[in-house]
Amino acid sequence: MQEFGFYFDGTRCTGCKTCMLACKDYYHLPSDLAFRQVYEYELHGSWTQDAAGCWTVDGGVYYVSTSCQHCGNPACIKVCPTGAMHKEDNGAVLVNTERCIGCGYCHLSCPYNAPKVDREAGHSVKCTGCFDRIRAGEAPICVAACPQRALEYGEFSELASREGTVRAIAPLPDEDATDPHLVIRPPRHAAAPGTDAGFVANRDEIV
């Protein structure tokens, strides 16, 4: 199976959230639902004074744009009791809305908070990797919208072979559990996943 995934260049991302808003607009999502999130990860810092009396701080912030990772070992598929959550031939993890009963197990199991239960519709919803756009030869809407070209979508094996990339940075979880199809060029001073080097400063915005 030739599987695809996302590439995120953390050295380019400015945290503008255009990717997230373009997705919400394209899919007509309400304010309390988003398929893509942008985390503002603020590093703990401290002030130091040099011999000349000048103060410097070693804290900082960086941004991480993330959605469903269309994992190689998806937790959501393992727990789905009806088989509604499934993988397509290109690796995209999708929801069969006719089979989904809206139990929410997929949401509870996903370490990326990707599937959401639409109670009004009665089934789960999530990022599809813009499956229809990909079949039409177009890029996912988040990739097309990014003004800094910090996002790419392509064959996962090619993305993963790029030099200087990693599979996870804080605040994302370690990649071992689900094999996410995400490749990251980390920003300067990026913290390793699972550390307490900082915190999500915009936690209230994450839906």
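Any value given below was found using the heavy atoms of this structure, including those in side chains, with hydrogens, waters and symmetry copies removed. Given the structure is predicted, the values throughout are model-derived calculations rather than measurements.
- With rounding to the nearest 0.5 angstrom, the CD atom of Glu3 is 8.0 Å from the CG atom of Asn90.
- Using a distance-only test at 3.5 Å, with no hydrogens or angles considered, no donor-acceptor pair links the side chain of Arg188 to the main chain of Thr11.
- In this structure, Ala160 and Thr165 approach most closely via the heavy-atom pair O-OG1, 4.1 Å.
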May I have the step-by-step check of side chain to side chain contact (heavy atoms under 4.5 Å, CB included) for Leu43 and Tyr62, ending in yes or no?
-> CA-CA 8 Å; Leu43 297 165; Tyr62 61 83; 4.1 Å; yes

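- When side chains are defined from C-beta on, Tyr41 does not count as touching Ile169, because their heavy atoms never get closer than 4.5 Å.
- For the atom pair Cys68 SG and Lys126 NZ, the distance stands at 3.0 Å (nearest 0.5 Å).
- When every heavy atom of Cys71 is checked against every heavy atom of Pro74, the shortest pair comes out as O-CG, 3.2 Å.
- With rounding to the nearest 0.5 angstrom, the OG1 atom of Thr128 is 7.5 Å from the CZ atom of Phe35.
- Partners of His70 according to the ring-ring contact (aromatic ring centres under 6.0 Å, His included) rule, which considers only residues two or more places apart in sequence or in another chain, do not exist here.
- Between Leu172 and Ile184, the closest side-chain pair of non-hydrogen atoms falls below 4.5 Å.
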Donor-acceptor list for residues 137-152 side chains, cut-off 3.5 Å, not counting sequence neighbours:
{"from": "Arg149", "atom 1": "NH1", "to": "Cys146", "atom 2": "O", "distance (Å)": "2.3"}
{"from": "Glu152", "atom 1": "OE1", "to": "Arg162", "atom 2": "NH1", "distance (Å)": "3.2"}
{"from": "Glu152", "atom 1": "OE1", "to": "Arg162", "atom 2": "NH2", "distance (Å)": "2.9"}
{"from": "Glu152", "atom 1": "OE2", "to": "Arg162", "atom 2": "NH1", "distance (Å)": "3.2"}

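- The number of heavy-atom neighbours closer than 6.0 Å to CG of Asp196, taken from other residues, nucleotides and ligands shown, is 12 or below.
- Taking a 6.0 Å sphere around CD of Glu120, one finds it holds 12 or fewer heavy atoms contributed by other residues, nucleotides or ligands.
- Side-chain atoms of Arg185 and Tyr7, non-hydrogen and from C-beta on, do get closer than 4.5 Å to each other.
- Remark: Gln69 CD to Asp179 CG distance equals 11.0 Å, nearest 0.5 Å.
- Grouping the Ile, Leu, Val, Met, Phe, Trp and Tyr side chains by contacts below 4.5 angstrom, directly or via other members, places Val79 apart from Val93.
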Side-chain donor-acceptor pairs under 3.5 Å in residues 200-207, sequence neighbours left out?
{"from": "Asn202", "atom 1": "OD1", "to": "Glu40", "atom 2": "N", "distance (Å)": "3.0"}
{"from": "Asn202", "atom 1": "ND2", "to": "Val38", "atom 2": "O", "distance (Å)": "2.9"}
{"from": "Asn202", "atom 1": "ND2", "to": "Glu205", "atom 2": "OE1", "distance (Å)": "3.3"}

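- Taking a 6.0 Å sphere around OH of Tyr105, one finds it holds 12 or fewer heavy atoms contributed by other residues, nucleotides or ligands.
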Thr178 vs Tyr112, side chain to side chain contact (heavy atoms under 4.5 Å, CB included): CA-CA, chis, key distance, verdict = CA-CA 10 Å; Thr178 62; Tyr112 299 96; 3.7 Å; yes

For Phe8 and Thr66, what are the C-alpha separation, side-chain angles and deciding distance, and is it a side chain to side chain contact (heavy atoms under 4.5 Å, CB included)?
-> CA-CA 8 Å; Phe8 171 68; Thr66 182; over 6 Å; no

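- Proximity of Lys78 to Ser109: side-chain heavy atoms (C-beta onward) are nowhere separated by under 4.5 Å.
- Taking NZ from Lys17 and OG from Ser65, the interatomic distance works out to 10.0 Å, rounded to the nearest 0.5 Å.
- By the neighbour-count criterion of 12 heavy atoms within 6.0 Å, atom CZ of Arg135 is densely surrounded, having more than that number from other residues, nucleotides or ligands.
- Once rounded to the nearest 0.5 Å, the distance linking OG of Ser31 with CG of Leu33 reads 9.5 Å.
- Within the 4.5 Å cutoff, side-chain heavy atoms of Met85 are placed close to those of Pro115.
- Considering all non-hydrogen atoms of both residues, Gly102 and Arg119 come closest at O-NH1, 2.9 Å.
- In this structure the side chain of Tyr27 never reaches within 4.5 angstrom of the side chain of Cys127, judged on heavy atoms.
- Within the 4.5 Å cutoff, the side chain of His107 has heavy atoms near those of the Asn113 side chain.
- Taking all atoms of both residues into account, the shortest heavy-atom contact from Thr97 to Ser124 is CG2-O, 4.5 Å.
- Between Ala34 and Leu29, the closest heavy-atom pair is CA-CD1, 4.1 Å.
- Of all the heavy atoms in Ser161 and Glu158, the pair that sits closest is OG-O, 2.7 Å.
- Hydrophobic clustering (side-chain heavy atoms under 4.5 Å, transitive across Ile, Leu, Val, Met, Phe, Trp, Tyr) keeps Val64 apart from Val183.
- Between Phe6 and Tyr153, the ring center distance clears the sub-6.0 Å criterion.
- When side chains are defined from C-beta on, Phe131 counts as touching Leu94, because their heavy atoms get closer than 4.5 Å.
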